[in-house]
Structure formats: C-alpha cells, structure tokens
Number of protein chains: 2
Amino acid sequence: MSKIIEDTARQVLETVPAVMRTIRAEFRSQRSRDLSVAQFRALAYIKNNDGASLSSLAAHIGLTLPSMSKLIDGLVGRGLVTRSSDREDRRKICLQLTDTGKNELEAAYDHTQAFLVDKISSLAKEDLDTVSRSMQILKSLFIADHSEKSTLKTKK
Amino acid sequence: MSKIIEDTARQVLETVPAVMRTIRAEFRSQRSRDLSVAQFRALAYIKNNDGASLSSLAAHIGLTLPSMSKLIDGLVGRGLVTRSSDREDRRKICLQLTDTGKNELEAAYDHTQAFLVDKISSLAKEDLDTVSRSMQILKSLFIADHSEKSTLKTKK
DNA sequence: TATTGTTATACTCTATAACTATA
DNA sequence: TATAGTTATAGAGTATAACAATA
C-alpha cells in the first residue's frame, strides 16, 4: 500500500511539471499583449471574486502586496481592470474586470484550452474519464480554500 | 463526445497549475542553498546526460546560451557541477555532477516526493490507481522526446 | 565562415523597507 | 496601534548584442 502511494507521488512529480511546461509554453506563445502568467491568474481571480481587495488577491496568487500593487498598475494601465476604493473601508481597493479584461481573459483561456483539446483528443473515452476523475481528485487535494468570496470576508 | 474532451481539457487547465504551484512552493521552501527550479532541472539533465555540453543543456531547459552559462557559473561556484573542456572539440565544455551535486539533487527530489506522499496518503486505493493511471496517460501525451523522465528514479 | 561559449548590459519580475491614509 | 495599499530601492533571472576561441 505504501508503495502505491510513493509510486503515485513520483508519477505526479514527473508528470505535472511536464504538462505545466507545455501549458505555459503554449500560453506564452499566444499572449497578444504580453500577459504574464501572474497577470492571467490575477484576472482569473478577480473574475471569480468580483470586487476583491488587493490583499486577498495577493494572498491567493502568492505575491507580496507591493508586487501585486505593481502588477495591478499594469493591468489598470492597459484597461483590463478597474481599481476603485471600497465604500465600507476606505483603506481597501475594489478590483473589477473591465469588459476588455473579461474578453482578454476568456481569449487566453480559450486558446490554451483549445490547445489541450487538441492534445487529448486522441484519447479513448475510458482514458478521458480516468484523466477527468483524476483531475477532480487532485483538485480536491490541492485547491483548498479557493472559494474566498468577497462577500464573506471581514471575519477577523 | 466532444464535450467530454472539452470538459477534461478545462479540468486539466484548472488543476495542473494548482498542483504545480503547490509543488513549486514546497520545493522552494526546502531548498537549502537556494536551488532554483531551473538549476534543479539543469542538475537533473546533467545527471542523465553525463558530459553534456552547454548548448544541449540550454536547448533542453529552454534558456539562451548566456543565461545558461551564468546559471552554470552558479552551480560550479557552489561545487555542484564541474565544467571541463571537451577533448574532441575544444570549443565545447563537458558538464558533470559532483558527488555533492548528486546528493543535492537527490535530496531536493526526495523531499518534494515525501511532501506529495503526505498529500495523497489519505486517498483510497481506487483513487490512487486513478491518479496513477492518469499520470501515465498524460505522460505519454506530454513527455514525447524529453529524456528527462528517467531523472526521477524509483527508490525505497 | 560557422559554432561554442563568455562578457557586457538591460529589462522584467518580485522582494524588503519605509511611507501614507484609514480604522 | 493595526491594517490596506503605495513608493523607493534592490536582487534574481533571463534576454539581446558583441566578443573570443575553435572548428
């Protein structure tokens, strides 16, 4: 039993970085206006957490506050994100996607997904199911508190 | 059928980066002497391609020659790699791991694998099998000609 | 001339520290 | 005092350009 665990861990460690490299390379090859991976992730988070604060975004992406502030500077400057001040707590900022930001995010996502569709389209249905279920299992293990909605913050 | 493919692609796109982030974060947290991911990969490549040239290494890792030269500077300076001149073509250099380099590589790998073992140890055997098979499937798709795969050896 | 590698230089990304404004 | 965010500055990592040595 222990051996199965170790073997699986080794396989994850061998495979995930390789898949990630491919995704990253494909993503980079198509970004029209130099959207970095961190910026892409920021857009995705803001989309799912409309009105998010800079702190919650930084915590989720894993950047420091100053780094995130600068990153957001770039996104605001390019018209992909709006940065307004929070009405309830004026220290905070309220981040939202513009329509352009939504489109840019969707385009980047779609392109990369299309690339993956092409990659896996040769698989038999059985194998697709296996990969699909495996992704769900891994997601449950590796994506823990992703659902930090802006509505239920202020918990102190 | 097409929908299954698209859904699976989307799941891969959502899940793999999250798992990768976790692996990367864990890897970073334990590197004793600031071994970057690129350096780790370079060590792994040199281990599997003893006497490799700088060009072949750069091509494999995906760095330019000057960048790789600098990266190797660091590894040589820290005693993890030796850089001697190739006897048959004196323009080339001959890269090899020192014993320290081998140990450092092995330690970095083992630690990260141990972390993953801990992460997945709560899974039922069925789920472990699913993940394991899924990794094999993805590996066959995403690791085509990279000879880096034998890097991560089975042990214990 | 072409190839292998190094040096010089610059840019991007991210960090830490110090600061302002608000709570 | 504590928290949210910004500005200033520095370091790591990587790129391009120009160069030296060898083929």
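Below, read A as the first sequence line, B as the second, and so on, with proteins coming before strands; counting in each chain starts at 1. Note that this is a predicted model, so its numbers are computed, not measured.
Summarising the geometry, the separation between CD1 on A:I72 and P on D:dT7 is reported as 14 Å, rounded to the nearest angstrom. A straight line from CZ of B:R41 to C1' of D:dG13 spans 14 Å, rounded to a whole angstrom. Look at CG on A:L54: it is 18 Å from P on C:dA21, rounded to the nearest Å. Computed from coordinates, the B:I61 CD1 to C:dG5 P distance equals 15 Å when rounded to whole Å. In this structure, A:D73 atom CG and C:dT14 atom C1' are separated by 14 Å, rounded to whole Å. Regarding A:I93, its CD1 atom lies at a distance of 14 Å from the P atom of C:dT22, rounded to whole Å. Rounded to whole Å, the distance from CZ on B:F40 to P on D:dG13 is 16 Å.
Remark: side-chain polar atoms of B:K119 are paired, donor with acceptor, to backbone N or O of A:L141 under 3.5 angstrom.
Taking a cutoff of 4.0 Å between a charged side-chain nitrogen and a carboxylate oxygen, A:D86 and A:R90 do not qualify as a salt bridge. Taking a cutoff of 4.0 Å between a charged side-chain nitrogen and a carboxylate oxygen, A:R133 and A:D129 do not qualify as a salt bridge.
With a 4.5 Å cut-off on side-chain heavy atoms, B:V81 and B:T98 do not count as touching.
Remark: B:R10 pairs with A:E106, A:Y109, A:D110, A:Q113, B:E14 by the side-chain contact (heavy atoms from CB on, under 4.5 Å) rule, at least two apart or across chains. Remark: A:S84 engages A:C94 in a side-chain contact (heavy atoms from CB on, under 4.5 Å) (not counting sequence neighbours). Scored by the side-chain contact (heavy atoms from CB on, under 4.5 Å) test, A:A44 finds A:L105 as partners (sequence neighbours excluded).
Axis deviation across the helix from C:dT1-D:dA23 to C:dA23-D:dT1 amounts to 10°, comparing end segments of five pairs, rounded to 10 degrees.
Applying the 4.0 Å criterion to OP1 and OP2 of C:dT6, one finds that B:S69 has a side-chain N or O inside that range. Not one side-chain nitrogen or oxygen of B:R83 sits closer than 4.0 Å to the OP1 or OP2 atom of C:dT4. Between B:S55 and C:dG5 there is a side-chain N or O to OP1 or OP2 distance below 4.0 Å.
Once rounded to the nearest 0.5 Å, the distance linking CG of A:L43 with CZ of A:R41 reads 12.0 Å.
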(message) Within the 4.0 Å limit for protein heavy atoms, which parts of nucleotides 14-23 of chain D are touched? Write it as a string from 5' to 3', B for base, S for sugar-phosphate only, - for none.
(response) BBBB----BS
Which donor-acceptor pairs under 3.5 Å do side chains of residues 66-73 of chain A form with protein atoms, sequence neighbours excluded?
| from | atom 1 | to | atom 2 | distance (Å) |
| --- | --- | --- | --- | --- |
| A:S67 | OG | A:T64 | OG1 | 3.0 |
| A:D73 | OD1 | A:R83 | NH1 | 2.8 |
| A:D73 | OD1 | A:R83 | NH2 | 3.3 |

